[in-house]
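The chains referred to below are lettered A, B, ... by the order of the sequence lines, with proteins before strands, and numbering in each begins at 1. In this text, all values refer to a predicted model and were calculated from it rather than measured experimentally. Values below: every heavy atom of this structure, side chains too, minus hydrogens, waters and symmetry copies.
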Amino acid sequence: MQGYRYLDDTAILRLDAEKCIGCGNCLEVCPHRLFTLNDGKARITDGNACMECGACARNCPVEALFVNPDDGCGCAHYIINSWLARVLNKQSNGCGC
Amino acid sequence: MARLATRLSWRDRLGTIAVRSGLRRNSYLMVPGLYCLGEPDGNSPVLVTGNYKLSVDTVRQELAGHHLWLLVVDTRGINVWCAGGKGTFSAAEVAYQVQNSGLAQLVNHRQLILPQLSANGVRAGELKKLCGFLGRFGPILATDLPEYLRRGEADEAMRSVTFRLSERAVLIPVEICLLWKKLLLASLLFFLLSGISPEFFTVEAALRRGTTLALANAAAIFAGAIATPLLLPWLPFRQFWLKGAVLGLLAGLIFVTVAGEGLARLELLALLLWIGGCASYLAMCFTGSTPYTSLSGVAKEMRRGLPFQIGTALLALLLWLAAPFF
């Protein structure tokens, strides 16, 4: 994504090359275009561009991809509410979006 | 079956303004189901979207002159991408709407065009098994639908998410309007705190100093919720709380220079800290509106940003309360 970079070495995105069958689904759905296909295997070219949307993992037919499974959007309200919920030992009420 | 117009009425436009400004954010939805655009027949493509009315309006207005089917799935009035993340825009939900609408009896083909940004919720490979239709991901933006339909495929540009100035600007009103309740409460509190004096409570001071604080809030909102989104790619630092802090301190300096006459040193420092901290917080909250910040990243920067924001706010209030006594 031109003009934007977020924190390096933070997003959780892992690709198990052993499992990958090279179907190319991840290449198609990734909104940040960070996969390529080499010799019948997907490869992560720019893991730091990942925003953990989870589209690749959702559409991988062989579970070769792992993305931070903590669902919910990357928004501060959501995180504050989930931290508060943990402290107060209550159910988080999400973020309202 | 309902046919949707490809031109928005004045009511649609008023509705768009209302949701974009946060007046009715969580109840702007359409009845899920199958709709017509133009005069579709058995060979017409089937597009899928969520039942947030803003999504449907955006799609239909891009498709003037086209004849196709629009399958609106139940995302509880939430936009496509967030609904995918929350799991409401899923293969199961799409399959349910396909079956419920009797789509198989209306079209000869077995293909659905899904928004690319629903891929975080829809496992396209499951659709065939669930409802007999093949799911294909179309472009990210509705604007690219006509070109996609012509070519039959999306290019790299259509598949890449963007965050242009106009895309950022349109998010600003809702960020601000969601603040007004907090702001009203804060202002009330500020008037009370500002009146505390060696003579116990001074109404004149409450009004004068309370107004200054309210104006400081306006400066913080301008820096954190307006200038930060607009200037986002050009601001220093990657972490949003730092971007906001930089702009906030700058706005604070300008504020105390312009509005600081007659104020004590402690008060000037309090205002500077308050504007810096609040702007930092507001900028950090804007991460939720961007299409490139990861949840892990936001959590990481919040562990640094929140202590700064809470610290500056507490110190600012302390200085503000102490000032009349020196």
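Once rounded to the nearest 0.5 Å, the distance linking CG of B:Leu282 with CG of B:Asn217 reads 9.0 Å.
Interface summary for chain A: among B:Gln116, B:Arg159, B:Gln239, the most heavy-atom pairs under 4.5 angstrom belong to B:Arg159. For the set B:Cys285, B:Ser118, B:Gly305, the count of heavy-atom pairs under 4.5 angstrom toward chain A peaks at B:Cys285. In terms of heavy-atom pairs under 4.5 angstrom with chain A, the leader among B:Ile140, B:Val122, B:Val161 is B:Val161. Most heavy-atom pairs under 4.5 Å with chain B: of the set A:Asn25, A:Asp8, A:Val67, this distinction falls to A:Asp8. Of the listed residues (B:Lys300, B:Glu126, B:Met284), the greatest number of heavy-atom pairs within a distance under 4.5 Å of chain A belongs to B:Lys300. When each of B:Gly87, B:Gly125, B:Gly121, B:Gly84 is checked for heavy-atom pairs under 4.5 Å with chain A, B:Gly121 comes out on top. Between chain A and the options B:Tyr292, B:Phe286, B:Trp234, heavy-atom pairs under 4.5 Å are most frequent for B:Tyr292.
Between B:Asn79 and B:Ser55, the side chains place no donor N or O within less than 3.5 Å of an acceptor N or O (distance only, hydrogens not considered). Residues B:Thr290 and B:Thr293 bring a donor and an acceptor atom of their side chains to less than 3.5 Å of each other.
With a 4.5 angstrom heavy-atom cutoff, B:Arg303 touches chain A via backbone and side-chain atoms both. Interface residue A:Cys30: only backbone heavy atoms are found under 4.5 Å from chain B. With a threshold of 4.5 angstrom between heavy atoms, A:Cys53 approaches chain B through its backbone and through its side chain. Contact annotation for A:Arg33: only side-chain heavy atoms (C-beta onward) come within less than 4.5 Å of a heavy atom of chain B. When heavy atoms are compared at a cutoff of 4.5 Å, B:Thr162 approaches chain A solely by way of its backbone atoms N, CA, C and O. Within the 4.5 angstrom heavy-atom criterion, only side-chain atoms of B:Trp81, from C-beta onward, approach chain A. Only the side chain of B:Leu117 comes within contact range of chain A, judged by heavy atoms closer than 4.5 Å.
Formation of a donor-acceptor pair under 3.5 Å by the A:Thr45 side chain with backbone atoms of A:Leu34 is found in this model.
At a threshold of 4.5 Å between non-hydrogen side-chain atoms, the residues B:Tyr96 and B:Leu130 do not count as touching. Using a 4.5 Å heavy-atom threshold, the side chains of A:Phe66 and A:Asp16 count as separate. Counting only heavy atoms from C-beta outward, the side chains of B:Leu114 and B:Leu127 approach each other to under 4.5 Å.
Taking the six-membered ring for Trp and the full ring otherwise, B:Trp241 and B:Tyr281 have centroids separated by 6.0 Å or more.
Closest non-hydrogen pair, B:Gln309 versus B:Ser280, comes out as NE2-OG, 2.8 Å.
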